[in-house]
Amino acid sequence: MELRRVVVTGLGALTPIGNTKDEYWEALISGKSGAAPITYFDTEKFKTKFACELKNFNATDFLDRKEARKMDRFTQYAMVASDEAIADSKLDLDAVNKLRVGVIWGAGIGGLETFQDEVLNFAAGDGTPRFNPFFIPKMIADIAPGNISIKHGFMGPNYTTVSACASSANAMIDALNYIRLGHCDVVVTGGSEAAVTIAGMGGFNAMHALSTRNESPETASRPFDATRDGFVLGEGAGAIVLEDYEHAKARGAKIYAEVVGGGMSSDAYHMTAPHPEGIGVIAVMKNCLENAGLKPEEVDHINTHGTSTPLGDVAELKAISEVFGAHAKTININSTKSMTGHLLGAAGAIESIASILAMEHGIVPPTINHEVADENIDSELNLTLNKAQKRDVKVAMSNTFGFGGHNACVLFKKID
């Protein structure tokens, strides 16, 4: 059977550096850091006292107060970002066949704050099991797409993908394939996360995964820099409306880009550490290129996973050099996590949005906070350091990797 073409017709972003897609983009190209001291709880006894929180966000500005109270923050974020993306797509909700509109969402953890608060409240009590009746519906990871579909009446496929930090990239790949195969005309996809909590920060600190650069939070996320010491936790959501090309064309929709391929692989190596030679990452990029029917030399830009961890950054760049050969030195490589921090399950979505907007505007956002070259990284690679660079991006790749060895890669192309 002939596969349908799939295009992007709507974008929505709620990030630590901007609460709309336009604010997010302006902050990206200006090299703005979203890291700052944590305001959600007292960090006095924590190793890491900062994160990339949302700024000036109030859920009740967008959601009914009673409804907002029934949602964990990760679901609130999903609702706000998806509303922006749906509005941006100008989809006629009265005319569209809602049986053929799906919602496939990514979340690595889900309602962590809800789980944390309910358990702490129980532990502080006398042993009587007094729990909020919304405890379970607020906590479960699949509730975000559930709420999106309920609000808009979308009755197509509806579920959550969970693959740690690769979650929303996996959601996008599933959405791509549902439309390609003719099961849907439209899918609202992306991901959200709200893990800047006592449990989230404490857990990642216990793993020695987070930067502890408390004296200078805004410079702590420094992918590819020799002095990097771990990632900076972020929160928020990214939403993307994917649509059958003919369906989009028939209604005169604005098309941002075509989604031409998705790749998946597993490291099969370690719970949290990447394979030092990047064999899973090599496989996922090759899979993605093959799936898209593109040659390595056609790729202009790669938004890396680039978390600012000592092992991960080196392994990914080695893999890029292996897959792209001499062409790797002509690609604009970057890590927007240097600005947003690591949004875990939402990372793939907001980084794909950054790649799509780089294609639209002809500018690649920078990798900020780079000061000291790492001798383990090829100095001839263009890591788009500290300043945005103009570039006619015809093909962009977005990489996302998760604990457990999950690797996902998505390719976008300028529409013909």
Side-chain angles (χ1 to χ4, degrees), residues 10-28 32-36 38-40 50-59 61-63 68 71-85 88 105-114 141 143-145 147-148 160 164-169 171-172 188-197 200-201 204 210 217-218 221 231-240 303 305-307 335-357 365 398 400 402:
L11 301 173
L14 181 58
T15 78
I17 58 173
N19 292 355
T20 66
K21 72 173 177 68
D22 292 335
E23 288 180 7
Y24 172 50
W25 175 247
E26 289 302 316
L28 281 174
K32 180 180 178 180
S33 171
I38 290 170
T39 64
Y40 295 157
F50 62 92
C52 288
E53 297 177 340
L54 297 186
K55 318 293 190 297
N56 305 312
F57 174 77
N58 187 341
D61 290 343
F62 306 92
L63 305 168
M71 299 176 187
D72 186 90
R73 284 189 292 124
F74 96 100
T75 302
Q76 294 174 357
Y77 300 166
M79 298 299 286
V80 173
S82 62
D83 277 356
E84 183 187 12
D88 186 46
W105 202 254
I109 299 176
L112 182 60
E113 186 172 51
T114 294
I143 203 66
N147 273 301
I148 294 168
T160 290
C165 307
S167 296
S168 54
M172 285 186 284
V188 179
T189 188
S192 58
E193 207 78 90
V196 182
T197 64
M201 294 299 296
F204 282 117
L210 298 179
E218 68 280 359
S221 186
F231 71 82
V232 178
L233 190 59
E235 62 169 356
I240 300 175
N303 191 315
H305 187 56
T307 57
S335 172
T336 48
K337 287 186 180 75
S338 59
M339 294 172 275
T340 65
H342 192 351
L343 270 67
L344 307 180
I350 66 160
E351 289 159 20
S352 289
I353 291 169
S355 299
I356 292 163
L357 293 176
S398 180
T400 343

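Note that these values count all heavy atoms, side chains included, but never hydrogens, waters or copies made by symmetry. Everything numeric in this text was worked out from a predicted model, so none of it was measured.
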Peer 1: Please check: side-chain N/O of Lys32 versus main-chain N/O of Met339, any donor-acceptor pairing under 3.5 Å?
Peer 2: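 No: the side chain of Lys32 does not pair with the backbone of Met339.
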
Peer 1: Does a side-chain heavy-atom distance below 4.5 Å link Leu344 with Leu233?
Peer 2: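 Side chain of Leu344 against side chain of Leu233, heavy atoms only: contact under 4.5 Å found.
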
Peer 1: What is the minimum heavy-atom distance between Trp105 and Ala239, and which atoms define it?
Peer 2: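 The answer is CH2-CB, 3.8 Å.
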
Peer 1: Do Glu235 and Tyr77 have side-chain N/O donor and acceptor atoms under 3.5 Å apart?
Peer 2: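 Per modelled atom types, Glu235 and Tyr77 side chains form a pair under 3.5 Å.
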
Peer 1: Taking the side chain as every heavy atom from C-beta outward, state whether Leu357 and Pro365 have any atom pair closer than 4.5 Å.
Peer 2: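 SC-SC contact between Leu357 and Pro365 ruled out.
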
Peer 1: Restricting to non-hydrogen atoms, name the atom on Val196 and the atom on Ala51 that form the minimum distance, rounded to 0.1 Å.
Peer 2: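 Reported closest heavy-atom pair: CG1-CB, 3.8 Å.
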
Peer 1: Please confirm whether the backbone N or O of Glu84 pairs with a side-chain atom of Lys21, one donor and one acceptor, at under 3.5 Å?
Peer 2: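 Checked: no pair found.
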
Peer 1: Determine whether a donor-acceptor pair (N or O, by modelled atom type, separation under 3.5 Å) exists between the side chain of Thr15 and the backbone of Gly18.
Peer 2: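 Checked: pair present.
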
Peer 1: Taking Ser168 for the side chain and Gly191 for the main chain, is one N or O donor matched with an acceptor at less than 3.5 Å?
Peer 2: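 Checked: no pair found.
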
Peer 1: Can you tell me how far apart OG1 (Thr336) and CD1 (Ile17) are? Round to the nearest 0.5 Å.
Peer 2: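 Atom-to-atom, Thr336:OG1 and Ile17:CD1 are 7.5 Å apart.
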
Peer 1: In chain order, what residues pass the salt bridge (charged side-chain N to carboxylate O under 4.0 Å, His left out) check against Asp83, with sequence neighbours excluded?
Peer 2: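 Here the qualifying residues are Lys151.
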
Peer 1: Just so I know, are the side chains of Leu210 and Phe231 near enough to count as touching, which here means a heavy-atom distance under 4.5 Å?
Peer 2: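 Leu210 vs Phe231: side chains touch.
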
Peer 1: Does the Asn303 side chain pair with the main chain of Ser398, one donor and one acceptor, at a distance under 3.5 Å?
Peer 2: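 It does not hold such a pair.
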
Peer 1: Would you give the length of the straight line joining atom CG of Leu54 to atom CG of Asn19, rounded to the nearest 0.5 angstrom?
Peer 2: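 The CG atom of Asn19 is 6.0 Å from CG of Leu54, to the nearest 0.5 Å.
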
Peer 1: With rounding to the nearest 0.5 Å, note down the distance linking SG in Cys165 to NE2 in His305.
Peer 2: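 The distance works out to 5.0 Å.
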
Peer 1: Is there a donor-acceptor pair under 3.5 Å between the side chain of Thr400 and the backbone N or O of Gly348?
Peer 2: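 Not confirmed, Thr400 side chain does not pair with Gly348 backbone.
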
Peer 1: Who passes side chain to side chain donor-acceptor pair (under 3.5 Å) against Ser355, sequence neighbours left out?
Peer 2: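 So Ser355 forms no side chain to side chain donor-acceptor pair (under 3.5 Å) with any residue.
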
Peer 1: Give a yes or no answer on whether the side chain of Tyr24 reaches the backbone of Ile350 with a donor-acceptor pair at less than 3.5 Å.
Peer 2: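 Answer holds: yes.
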
Peer 1: Within the structure provided, determine whether Ile143 and Phe74 are in side-chain contact (heavy-atom separation under 4.5 Å).
Peer 2: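 Contact flag for Ile143/Phe74 side chains = yes.
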
Peer 1: Ring of Tyr40, cation from Arg73 - is the NZ or CZ under 6.0 Å from the centre and inside 45° of the axis?
Peer 2: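 Cation-pi check for Arg73 and Tyr40: passes.
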
Peer 1: If you round to the nearest 0.5 Å, how far is CD of Glu53 from OG1 of Thr39?
Peer 2: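 Rounded to the nearest 0.5 Å, the OG1-CD separation comes to 3.5 Å.
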
Peer 1: Using a strict threshold of under 4.0 Å (side-chain N to carboxylate O), is an ion pair present between Glu351 and Lys337?
Peer 2: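 Salt bridge present between Lys337 and Glu351.
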
Peer 1: Checking the side chain of Ser167 only, and the main-chain atoms of Gly345 only, is there a donor and an acceptor separated by less than 3.5 Å?
Peer 2: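 A pair under 3.5 Å: no.
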
Peer 1: Show the nearest heavy-atom pair for residues Ser192 and Ala237, with the distance to one decimal.
Peer 2: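 Taking Ser192 first and Ala237 second, the nearest heavy atoms are CB-CB, 3.6 Å.
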
Peer 1: Could you grab the distance from atom CE of Met79 to atom CG of Leu14, nearest 0.5 Å is fine?
Peer 2: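 Rounded to the nearest 0.5 Å, the CE-CG separation comes to 13.0 Å.
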
Peer 1: Okay, side chain of Glu193, backbone of Ile109: is any donor-acceptor separation there less than 3.5 Å?
Peer 2: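 Yes, the answer is positive, given that a donor and an acceptor are paired below the 3.5 Å cut-off.
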
Peer 1: Which atoms form the tightest heavy-atom contact between Thr160 and Ala141, and what is the distance?
Peer 2: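 The pair with the smallest heavy-atom distance is OG1-O, 3.0 Å.
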
Peer 1: In the structure I gave you, are the side-chain heavy atoms of Thr340 and Cys52 within less than 4.5 Å of one another anywhere?
Peer 2: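 No, side chains not in contact.
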
Peer 1: Ser352 and Ile240: which non-hydrogen atoms are nearest, and at how many Å?
Peer 2: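 That closest heavy-atom pairing would be CB-CD1, 4.0 Å.
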
Peer 1: What are the two closest non-hydrogen atoms of Asp72 and Ala194, and how far apart are they?
Peer 2: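 Heavy-atom minimum between the residues: OD2-CB, 4.3 Å.
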
